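Taking it in order: structure first as C-alpha coordinates, then the write-up.
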Amino acid sequence: MPDMVMQDAIHSAAELLRAGGTVAFPTETVYGLGADAANPLALRRVFEAKGRPADHPLIVHIADAAHLPGWAQDIPDAAWRLAAAFWPGPLTLILRRRDQVLNEVTGGQDTVGLRVPDHPVAAALLRAFGGGIAAPSANRFGRVSPTMAQHVRDELGAQVGMILDGGPCRVGVESTIVSLVHGKAVLLRPGGLPVAAIEDALQQKIALTQAAGRELRVPGALAAHYAPATPLELHSDDVLWQRARQLAAQGRKVAVLGLGDAGEHAASSGFTHVPMPDLADTYARVLYATLRRLDQAGFDRLLAEMPPDRQPWLAVRDRLRRAAQGT
Ligand code: TXA
Ligand code: MG
(Lines give C-alpha, C1' and ligand atoms only; values in the text may rest on other atoms or scores of the structure.)
(Ligands and ions follow the chains in the order given, each with its own letter.)
Protein backbone atom coordinates (compact mmCIF):
# COMPACT_ATOMS: atom_id res chain seq x y z
CA MET A 1 0.00 0.00 0.00
CA PRO A 2 1.60 3.30 -1.10
CA ASP A 3 2.20 5.85 1.72
CA MET A 4 0.09 9.00 2.25
CA VAL A 5 2.25 11.30 0.13
CA MET A 6 2.19 8.80 -2.72
CA GLN A 7 -1.55 8.30 -2.34
CA ASP A 8 -2.08 12.05 -2.81
CA ALA A 9 0.17 12.00 -5.86
CA ILE A 10 -1.76 9.02 -7.27
CA HIS A 11 -5.04 10.83 -6.70
CA SER A 12 -3.74 13.89 -8.63
CA ALA A 13 -2.41 11.62 -11.36
CA ALA A 14 -5.83 10.00 -11.80
CA GLU A 15 -7.39 13.48 -12.08
CA LEU A 16 -4.82 14.44 -14.68
CA LEU A 17 -5.61 11.29 -16.69
CA ARG A 18 -9.31 12.13 -16.56
CA ALA A 19 -8.48 15.62 -17.87
CA GLY A 20 -6.66 14.11 -20.86
CA GLY A 21 -3.11 14.53 -19.52
CA THR A 22 -0.18 12.11 -19.49
CA VAL A 23 1.30 10.40 -16.43
CA ALA A 24 4.54 8.42 -16.27
CA PHE A 25 4.20 5.61 -13.74
CA PRO A 26 6.24 2.65 -12.51
CA THR A 27 5.39 -0.95 -13.36
CA GLU A 28 7.33 -4.06 -12.37
CA THR A 29 8.91 -4.17 -15.86
CA VAL A 30 9.71 -0.57 -16.92
CA TYR A 31 8.14 2.88 -16.49
CA GLY A 32 5.12 3.53 -18.72
CA LEU A 33 3.86 6.78 -20.23
CA GLY A 34 0.15 6.56 -19.53
CA ALA A 35 -2.96 8.21 -20.95
CA ASP A 36 -6.69 7.52 -20.86
CA ALA A 37 -7.11 4.68 -23.38
CA ALA A 38 -10.58 6.01 -24.26
CA ASN A 39 -9.45 9.58 -25.07
CA PRO A 40 -8.00 10.13 -28.57
CA LEU A 41 -6.53 13.54 -27.72
CA ALA A 42 -4.75 12.16 -24.67
CA LEU A 43 -3.35 9.30 -26.76
CA ARG A 44 -2.02 11.78 -29.31
CA ARG A 45 -0.01 13.42 -26.52
CA VAL A 46 1.67 10.07 -25.82
CA PHE A 47 2.73 9.64 -29.44
CA GLU A 48 4.01 13.22 -29.55
CA ALA A 49 6.03 12.91 -26.35
CA LYS A 50 7.64 9.67 -27.54
CA GLY A 51 8.12 10.72 -31.17
CA ARG A 52 6.48 7.42 -32.03
CA PRO A 53 4.74 6.67 -35.36
CA ALA A 54 0.97 6.91 -34.88
CA ASP A 55 0.22 3.46 -36.35
CA HIS A 56 2.09 1.57 -33.63
CA PRO A 57 -0.30 -0.04 -31.13
CA LEU A 58 -0.22 0.60 -27.37
CA ILE A 59 -0.74 -1.81 -24.49
CA VAL A 60 -3.85 -1.11 -22.40
CA HIS A 61 -3.19 -1.54 -18.67
CA ILE A 62 -6.17 -2.69 -16.64
CA ALA A 63 -6.74 -3.16 -12.90
CA ASP A 64 -7.58 -6.87 -13.12
CA ALA A 65 -8.65 -9.65 -15.46
CA ALA A 66 -12.34 -8.94 -14.78
CA HIS A 67 -11.92 -5.88 -17.08
CA LEU A 68 -10.88 -8.03 -20.06
CA PRO A 69 -14.36 -8.24 -21.63
CA GLY A 70 -14.52 -4.44 -21.70
CA TRP A 71 -11.67 -4.43 -24.24
CA ALA A 72 -11.58 -7.83 -25.92
CA GLN A 73 -14.05 -10.25 -27.49
CA ASP A 74 -13.93 -13.97 -28.39
CA ILE A 75 -11.65 -14.37 -25.37
CA PRO A 76 -10.24 -17.92 -25.52
CA ASP A 77 -9.89 -20.19 -22.47
CA ALA A 78 -6.13 -19.88 -22.79
CA ALA A 79 -6.39 -16.15 -22.06
CA TRP A 80 -8.30 -16.74 -18.83
CA ARG A 81 -5.85 -19.44 -17.82
CA LEU A 82 -2.82 -17.19 -18.42
CA ALA A 83 -4.50 -14.25 -16.69
CA ALA A 84 -5.27 -16.38 -13.65
CA ALA A 85 -1.74 -17.75 -13.52
CA PHE A 86 0.31 -14.61 -14.22
CA TRP A 87 -1.69 -11.41 -13.60
CA PRO A 88 -0.73 -9.15 -12.09
CA GLY A 89 2.61 -9.69 -13.80
CA PRO A 90 4.90 -9.14 -16.79
CA LEU A 91 2.64 -10.69 -19.45
CA THR A 92 0.76 -8.90 -22.25
CA LEU A 93 -2.01 -10.75 -24.08
CA ILE A 94 -2.96 -9.87 -27.64
CA LEU A 95 -6.68 -10.55 -28.16
CA ARG A 96 -9.39 -9.66 -30.63
CA ARG A 97 -10.52 -6.15 -29.76
CA ARG A 98 -14.03 -4.94 -29.08
CA ASP A 99 -15.34 -2.58 -31.74
CA GLN A 100 -15.29 0.49 -29.50
CA VAL A 101 -11.55 0.25 -28.74
CA LEU A 102 -9.93 3.28 -30.39
CA ASN A 103 -7.78 2.97 -33.51
CA GLU A 104 -5.22 5.18 -31.74
CA VAL A 105 -4.73 2.30 -29.28
CA THR A 106 -4.73 -0.60 -31.72
CA GLY A 107 -2.87 1.05 -34.58
CA GLY A 108 -5.97 0.33 -36.66
CA GLN A 109 -5.66 -3.44 -36.16
CA ASP A 110 -8.51 -5.71 -35.03
CA THR A 111 -6.55 -6.76 -31.93
CA VAL A 112 -5.67 -5.15 -28.61
CA GLY A 113 -2.79 -5.71 -26.16
CA LEU A 114 -3.78 -5.97 -22.48
CA ARG A 115 -1.93 -6.41 -19.24
CA VAL A 116 -2.36 -6.09 -15.46
CA PRO A 117 0.87 -4.64 -14.05
CA ASP A 118 2.33 -5.88 -10.77
CA HIS A 119 3.42 -2.72 -9.00
CA PRO A 120 1.61 -1.16 -6.03
CA VAL A 121 1.71 2.35 -7.56
CA ALA A 122 0.42 1.15 -10.94
CA ALA A 123 -2.30 -0.88 -9.22
CA ALA A 124 -3.39 2.09 -7.08
CA LEU A 125 -3.38 4.41 -10.10
CA LEU A 126 -5.55 2.00 -12.10
CA ARG A 127 -7.99 1.70 -9.19
CA ALA A 128 -8.17 5.47 -8.70
CA PHE A 129 -8.62 6.12 -12.42
CA GLY A 130 -11.12 3.36 -13.01
CA GLY A 131 -10.59 2.91 -16.77
CA GLY A 132 -7.86 1.46 -18.95
CA ILE A 133 -4.51 3.25 -19.19
CA ALA A 134 -2.73 2.99 -22.54
CA ALA A 135 0.99 3.10 -21.86
CA PRO A 136 4.07 2.46 -23.95
CA SER A 137 7.44 2.51 -22.23
CA ALA A 138 8.25 6.11 -21.20
CA ASN A 139 11.20 6.66 -23.53
CA ARG A 140 11.76 8.35 -26.90
CA PHE A 141 10.91 5.99 -29.77
CA GLY A 142 13.64 3.42 -30.38
CA ARG A 143 15.62 4.17 -27.22
CA VAL A 144 16.21 2.17 -24.05
CA SER A 145 13.20 1.85 -21.72
CA PRO A 146 13.34 3.69 -18.36
CA THR A 147 13.66 1.63 -15.19
CA MET A 148 13.83 4.60 -12.79
CA ALA A 149 11.84 7.84 -12.51
CA GLN A 150 15.05 9.80 -13.13
CA HIS A 151 15.40 8.15 -16.56
CA VAL A 152 11.96 9.51 -17.49
CA ARG A 153 12.83 12.98 -16.19
CA ASP A 154 16.10 12.96 -18.17
CA GLU A 155 14.51 11.84 -21.40
CA LEU A 156 10.94 13.19 -21.48
CA GLY A 157 10.95 15.75 -18.64
CA ALA A 158 8.71 18.65 -19.62
CA GLN A 159 6.74 16.57 -22.14
CA VAL A 160 5.08 14.54 -19.38
CA GLY A 161 2.21 15.91 -17.29
CA MET A 162 3.39 14.15 -14.14
CA ILE A 163 5.89 11.49 -13.09
CA LEU A 164 5.11 9.06 -10.25
CA ASP A 165 8.33 7.83 -8.66
CA GLY A 166 7.95 4.24 -7.49
CA GLY A 167 11.65 3.42 -7.25
CA PRO A 168 13.64 1.13 -9.55
CA CYS A 169 11.71 -1.50 -11.52
CA ARG A 170 12.01 -5.06 -10.23
CA VAL A 171 12.04 -6.88 -13.60
CA GLY A 172 13.85 -4.33 -15.75
CA VAL A 173 12.85 -5.57 -19.22
CA GLU A 174 9.43 -5.23 -20.83
CA SER A 175 6.56 -7.70 -20.54
CA THR A 176 6.42 -10.93 -22.52
CA ILE A 177 3.87 -10.51 -25.35
CA VAL A 178 1.77 -13.52 -26.36
CA SER A 179 -0.81 -13.41 -29.14
CA LEU A 180 -3.87 -15.64 -28.75
CA VAL A 181 -5.80 -14.42 -31.77
CA HIS A 182 -5.03 -17.26 -34.17
CA GLY A 183 -6.06 -20.23 -32.05
CA LYS A 184 -2.65 -21.10 -30.74
CA ALA A 185 -0.29 -19.05 -28.65
CA VAL A 186 2.49 -17.16 -30.46
CA LEU A 187 5.33 -15.31 -28.75
CA LEU A 188 5.64 -11.79 -30.18
CA ARG A 189 8.24 -10.48 -27.73
CA PRO A 190 10.24 -12.36 -25.08
CA GLY A 191 10.20 -10.46 -21.80
CA GLY A 192 9.93 -10.54 -18.04
CA LEU A 193 7.84 -13.72 -17.86
CA PRO A 194 9.77 -16.84 -18.95
CA VAL A 195 8.31 -18.69 -21.92
CA ALA A 196 8.66 -21.99 -20.03
CA ALA A 197 6.19 -20.74 -17.39
CA ILE A 198 3.64 -19.93 -20.09
CA GLU A 199 4.13 -23.30 -21.78
CA ASP A 200 3.62 -25.01 -18.41
CA ALA A 201 0.39 -23.12 -17.77
CA LEU A 202 -0.98 -23.87 -21.25
CA GLN A 203 0.41 -27.41 -21.49
CA GLN A 204 1.43 -26.41 -24.99
CA LYS A 205 4.59 -25.36 -26.83
CA ILE A 206 4.70 -21.75 -27.97
CA ALA A 207 6.03 -20.78 -31.40
CA LEU A 208 9.20 -18.80 -30.65
CA THR A 209 9.56 -17.09 -34.00
CA GLN A 210 8.42 -13.53 -34.44
CA ALA A 211 7.70 -14.11 -38.12
CA ALA A 212 4.10 -14.99 -37.31
CA GLY A 213 3.72 -11.64 -35.59
CA ARG A 214 4.99 -9.54 -38.46
CA GLU A 215 1.54 -8.66 -39.73
CA LEU A 216 0.68 -7.61 -36.17
CA ARG A 217 3.24 -4.79 -36.20
CA VAL A 218 5.21 -4.91 -32.99
CA PRO A 219 7.62 -1.95 -32.94
CA GLY A 220 9.61 -3.80 -30.31
CA ALA A 221 10.23 -6.31 -33.09
CA LEU A 222 11.93 -3.75 -35.31
CA ALA A 223 15.64 -4.49 -35.54
CA ALA A 224 16.78 -1.08 -34.35
CA HIS A 225 15.08 -0.73 -31.00
CA TYR A 226 16.01 -0.53 -27.33
CA ALA A 227 19.23 1.17 -28.41
CA PRO A 228 21.80 3.17 -26.46
CA ALA A 229 23.41 6.18 -28.20
CA THR A 230 26.91 4.68 -27.89
CA PRO A 231 27.64 1.95 -30.48
CA LEU A 232 27.34 -1.50 -28.89
CA GLU A 233 29.02 -4.67 -30.14
CA LEU A 234 28.08 -8.18 -29.01
CA HIS A 235 30.77 -10.83 -28.77
CA SER A 236 31.30 -14.30 -27.41
CA ASP A 237 33.67 -14.64 -24.49
CA ASP A 238 36.60 -15.81 -26.63
CA VAL A 239 36.84 -12.68 -28.80
CA LEU A 240 35.47 -10.13 -26.34
CA TRP A 241 38.69 -9.21 -24.55
CA GLN A 242 40.84 -9.38 -27.63
CA ARG A 243 38.47 -6.92 -29.34
CA ALA A 244 38.57 -4.65 -26.28
CA ARG A 245 42.38 -4.56 -26.34
CA GLN A 246 42.36 -3.92 -30.08
CA LEU A 247 40.00 -0.92 -29.77
CA ALA A 248 41.85 0.40 -26.73
CA ALA A 249 45.12 0.23 -28.69
CA GLN A 250 43.47 2.43 -31.33
CA GLY A 251 42.84 5.00 -28.62
CA ARG A 252 39.13 4.30 -28.23
CA LYS A 253 37.43 4.68 -24.86
CA VAL A 254 35.88 1.25 -24.38
CA ALA A 255 33.60 -0.31 -21.74
CA VAL A 256 33.29 -4.10 -21.59
CA LEU A 257 30.12 -5.64 -20.13
CA GLY A 258 31.44 -9.06 -19.17
CA LEU A 259 29.45 -11.80 -17.46
CA GLY A 260 30.39 -12.37 -13.85
CA ASP A 261 34.00 -12.48 -12.80
CA ALA A 262 36.32 -11.52 -15.66
CA GLY A 263 39.31 -13.30 -14.13
CA GLU A 264 42.68 -12.04 -15.35
CA HIS A 265 41.01 -9.81 -18.01
CA ALA A 266 39.61 -7.48 -15.37
CA ALA A 267 43.12 -6.38 -14.55
CA SER A 268 43.89 -5.45 -18.17
CA SER A 269 44.48 -1.77 -18.63
CA GLY A 270 43.20 0.37 -21.45
CA PHE A 271 39.50 -0.30 -21.07
CA THR A 272 36.82 -0.26 -18.38
CA HIS A 273 35.43 -3.55 -17.18
CA VAL A 274 31.75 -3.44 -16.18
CA PRO A 275 30.92 -6.73 -14.45
CA MET A 276 27.38 -7.88 -15.26
CA PRO A 277 25.36 -10.39 -13.17
CA ASP A 278 25.60 -13.99 -14.35
CA LEU A 279 21.98 -14.69 -13.39
CA ALA A 280 19.49 -13.78 -16.14
CA ASP A 281 16.91 -12.12 -13.86
CA THR A 282 19.48 -9.96 -12.13
CA TYR A 283 21.11 -9.06 -15.43
CA ALA A 284 17.72 -7.99 -16.85
CA ARG A 285 17.07 -5.79 -13.82
CA VAL A 286 20.23 -3.72 -14.32
CA LEU A 287 20.66 -3.84 -18.11
CA TYR A 288 18.90 -0.62 -19.16
CA ALA A 289 20.22 1.46 -16.25
CA THR A 290 23.73 0.26 -17.10
CA LEU A 291 23.36 1.21 -20.77
CA ARG A 292 22.09 4.67 -19.78
CA ARG A 293 24.91 5.21 -17.31
CA LEU A 294 27.54 4.17 -19.87
CA ASP A 295 25.90 6.41 -22.51
CA GLN A 296 26.45 9.37 -20.20
CA ALA A 297 30.01 8.39 -19.32
CA GLY A 298 31.35 9.32 -22.75
CA PHE A 299 32.56 5.94 -24.04
CA ASP A 300 33.22 5.54 -27.78
CA ARG A 301 32.19 1.91 -27.82
CA LEU A 302 30.44 -0.64 -25.61
CA LEU A 303 31.32 -4.33 -25.93
CA ALA A 304 28.95 -6.82 -24.34
CA GLU A 305 29.50 -10.52 -23.81
CA MET A 306 26.62 -12.52 -25.32
CA PRO A 307 24.92 -14.54 -22.54
CA PRO A 308 24.41 -18.29 -23.06
CA ASP A 309 21.80 -19.53 -25.56
CA ARG A 310 19.45 -20.85 -22.88
CA GLN A 311 15.77 -20.12 -22.10
CA PRO A 312 16.20 -17.89 -19.04
CA TRP A 313 18.36 -15.55 -21.14
CA LEU A 314 15.88 -15.21 -24.03
CA ALA A 315 14.73 -11.66 -23.22
CA VAL A 316 18.19 -10.33 -22.35
CA ARG A 317 19.73 -11.78 -25.54
CA ASP A 318 16.87 -10.29 -27.55
CA ARG A 319 17.35 -6.80 -26.07
CA LEU A 320 21.13 -6.93 -26.44
CA ARG A 321 20.80 -7.91 -30.10
CA ARG A 322 18.43 -5.04 -30.78
CA ALA A 323 20.62 -2.61 -28.86
CA ALA A 324 23.59 -3.70 -30.99
CA GLN A 325 21.67 -3.30 -34.25
CA GLY A 326 20.27 0.07 -33.32
CA THR A 327 23.60 1.85 -33.38
O1 TXA B 1 6.34 -4.10 -19.92
C2 TXA B 1 5.72 -3.51 -20.79
O3 TXA B 1 5.07 -4.10 -21.68
C4 TXA B 1 5.78 -1.98 -20.79
C5 TXA B 1 5.08 -1.47 -19.53
C6 TXA B 1 4.98 0.03 -19.49
O7 TXA B 1 3.81 -2.08 -19.42
N8 TXA B 1 5.19 -1.43 -21.96
C9 TXA B 1 5.78 -1.50 -23.17
O10 TXA B 1 5.09 -0.79 -24.13
O11 TXA B 1 6.82 -2.09 -23.38
P12 TXA B 1 5.70 -0.47 -25.57
O13 TXA B 1 4.65 0.31 -26.28
O14 TXA B 1 7.03 0.15 -25.44
O15 TXA B 1 5.75 -1.87 -26.23
C16 TXA B 1 4.55 -2.54 -26.39
C17 TXA B 1 4.62 -3.53 -27.48
C18 TXA B 1 4.91 -2.87 -28.81
O19 TXA B 1 5.92 -3.62 -29.43
C20 TXA B 1 3.57 -2.96 -29.51
O21 TXA B 1 3.70 -3.04 -30.89
C22 TXA B 1 3.01 -4.23 -28.94
O23 TXA B 1 3.35 -4.16 -27.61
N24 TXA B 1 1.58 -4.25 -29.12
C25 TXA B 1 0.63 -3.52 -28.50
N26 TXA B 1 -0.59 -3.80 -28.97
C27 TXA B 1 -0.42 -4.76 -29.91
C28 TXA B 1 -1.29 -5.46 -30.78
N29 TXA B 1 -2.60 -5.24 -30.79
N30 TXA B 1 -0.75 -6.38 -31.60
C31 TXA B 1 0.57 -6.62 -31.61
N32 TXA B 1 1.46 -5.98 -30.83
C33 TXA B 1 0.95 -5.06 -29.99
MG1 MG C 1 8.94 0.59 -25.74
Side-chain angles (χ1 to χ4, degrees), residues 22-35 37 43 46-47 49-62 71-72 86-98 101-119 121-123 125-126 132-147 151-152 155-156 164 166 169-182 186-193 210 212-227 284 288 315 318-319 322-323 326:
T22 57
V23 173
F25 63 98
T27 79
E28 78 282 30
T29 57
V30 301
Y31 275 73
L33 178 59
L43 295 168
V46 170
F47 287 101
K50 278 188 67 91
R52 179 174 180 163
D55 63 345
H56 285 189
L58 304 175
I59 295 172
V60 178
H61 297 68
I62 52 178
W71 299 92
F86 303 116
W87 281 354
L91 171 69
T92 295
L93 297 178
I94 306 297
L95 299 168
R96 192 160 305 285
R97 72 156 169 184
R98 286 189 63 163
V101 181
L102 295 173
N103 283 324
E104 286 83 352
V105 168
T106 66
Q109 305 177 79
D110 59 0
T111 57
V112 61
L114 292 151
R115 109 173 175 92
V116 178
D118 184 18
H119 189 291
V121 172
L125 179 64
L126 283 162
I133 302 178
S137 51
N139 51 279
R140 300 278 306 165
F141 181 64
R143 312 313 303 190
V144 172
S145 296
T147 55
H151 297 161
V152 185
E155 193 163 317
L156 296 180
L164 293 172
C169 300
R170 171 172 62 79
V171 175
V173 292
E174 301 80 357
S175 60
T176 302
I177 304 183
V178 173
S179 167
L180 295 171
V181 290
H182 294 300
V186 176
L187 180 76
L188 298 187
R189 178 176 76 181
L193 184 68
Q210 299 194 331
R214 199 157 292 153
E215 66 182 287
L216 296 170
R217 280 202 301 262
V218 185
L222 296 177
H225 219 79
Y226 310 109
Y288 289 154
D318 173 80
R319 299 308 189 274
R322 294 178 200 293

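Just follow the structure's listing: the first ligand is 1, and inside any ligand the first atom is 1. Predicted, not measured: the structure shown is a model, and the values here were computed from it. No hydrogens, no waters, no symmetry mates; every other heavy atom, side chains included, goes into these values.
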**Message:** List the residues meeting side-chain contact (heavy atoms from CB on, under 4.5 Å) with Arg170, not counting sequence neighbours, and say none if there are none.
**Reply:**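 With sequence neighbours excluded, Arg170 shows a side-chain contact (heavy atoms from CB on, under 4.5 Å) to Glu28, Asp118, given in chain and number order.
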For residues [X] and [Y], is any side-chain donor paired with an opposing acceptor at under 3.5 Å?
{"X": "Thr92", "Y": "Arg189", "result": "no"}
{"X": "Ser175", "Y": "Thr29", "result": "no"}
{"X": "Asn139", "Y": "Arg52", "result": "no"}

Is it the side chain, the backbone, both or neither of [X] that has a heavy atom closer than 4.0 Å to ligand 1?
{"X": "Arg115", "answer": "side chain"}
{"X": "His61", "answer": "side chain"}
{"X": "Arg52", "answer": "side chain"}

**Request:** Step through it carefully: locate the ring centre of Tyr288, locate the ring centre of His151, and say whether they are under 6.0 Å apart.
**Result:**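 Here the rings of His151 and Tyr288 have centres that are no less than 6.0 Å from each other.
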**Message:** Keeping Lys50 on the side-chain end and Ser137 on the backbone end, is there a donor-acceptor pair under 3.5 Å?
**Reply:**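 Yes; at least one donor-acceptor contact below 3.5 Å.
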**Asked** Do Thr29 and ligand 1 have an N or O pair less than 3.5 Å apart?
**Response**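 For ligand 1, there is an N or O atom that lies under 3.5 Å from one belonging to Thr29.
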Evaluating non-hydrogen atoms only, which member of [options] is closest to [atom]?
{"atom": "atom 8 (N) of ligand 1", "options": "Ser175, Ala135, Pro146", "answer": "Ala135"}
{"atom": "atom 22 (C) of ligand 1", "options": "Ile177, Thr106, Val181, Val116", "answer": "Ile177"}
{"atom": "atom 9 (C) of ligand 1", "options": "Ser145, Gly34, Gly191, Ser137", "answer": "Ser137"}

**Prompt:** Going by heavy atoms in the side chains, are Val105 and Arg97 under 4.5 Å from each other?
**Reply:**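 SC-SC contact between Val105 and Arg97 ruled out.
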**Prompt:** Quick one: are Ile62 and Leu126 in side-chain contact, heavy atoms under 4.5 Å?
**Reply:**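 Not in contact.
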**Item:** Inter-residue atom distance Leu193.CG - Ile177.CD1, 0.5 Å rounding
**Value:**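 With rounding to 0.5 Å, CG (Leu193) is 12.5 Å from CD1 (Ile177).
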Just which atoms of ligand 1 are under 4.0 Å from any heavy atom in [X]?
{"X": "Val112", "value": "29 (N)"}
{"X": "Gly32", "value": "6 (C)"}
{"X": "Thr111", "value": "28 (C), 29 (N), 30 (N)"}
{"X": "Glu174", "value": "1 (O), 2 (C), 11 (O)"}
{"X": "Leu58", "value": "25 (C), 26 (N)"}

**Prompt:** Counting backbone and side-chain atoms alike, does Ser137 have an N/O/S atom under 2.8 Å from the Mg ion (ligand 2)?
**Reply:**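 For Ser137, the answer is yes, given that an N, O or S atom comes within less than 2.8 Å of the Mg ion (ligand 2).
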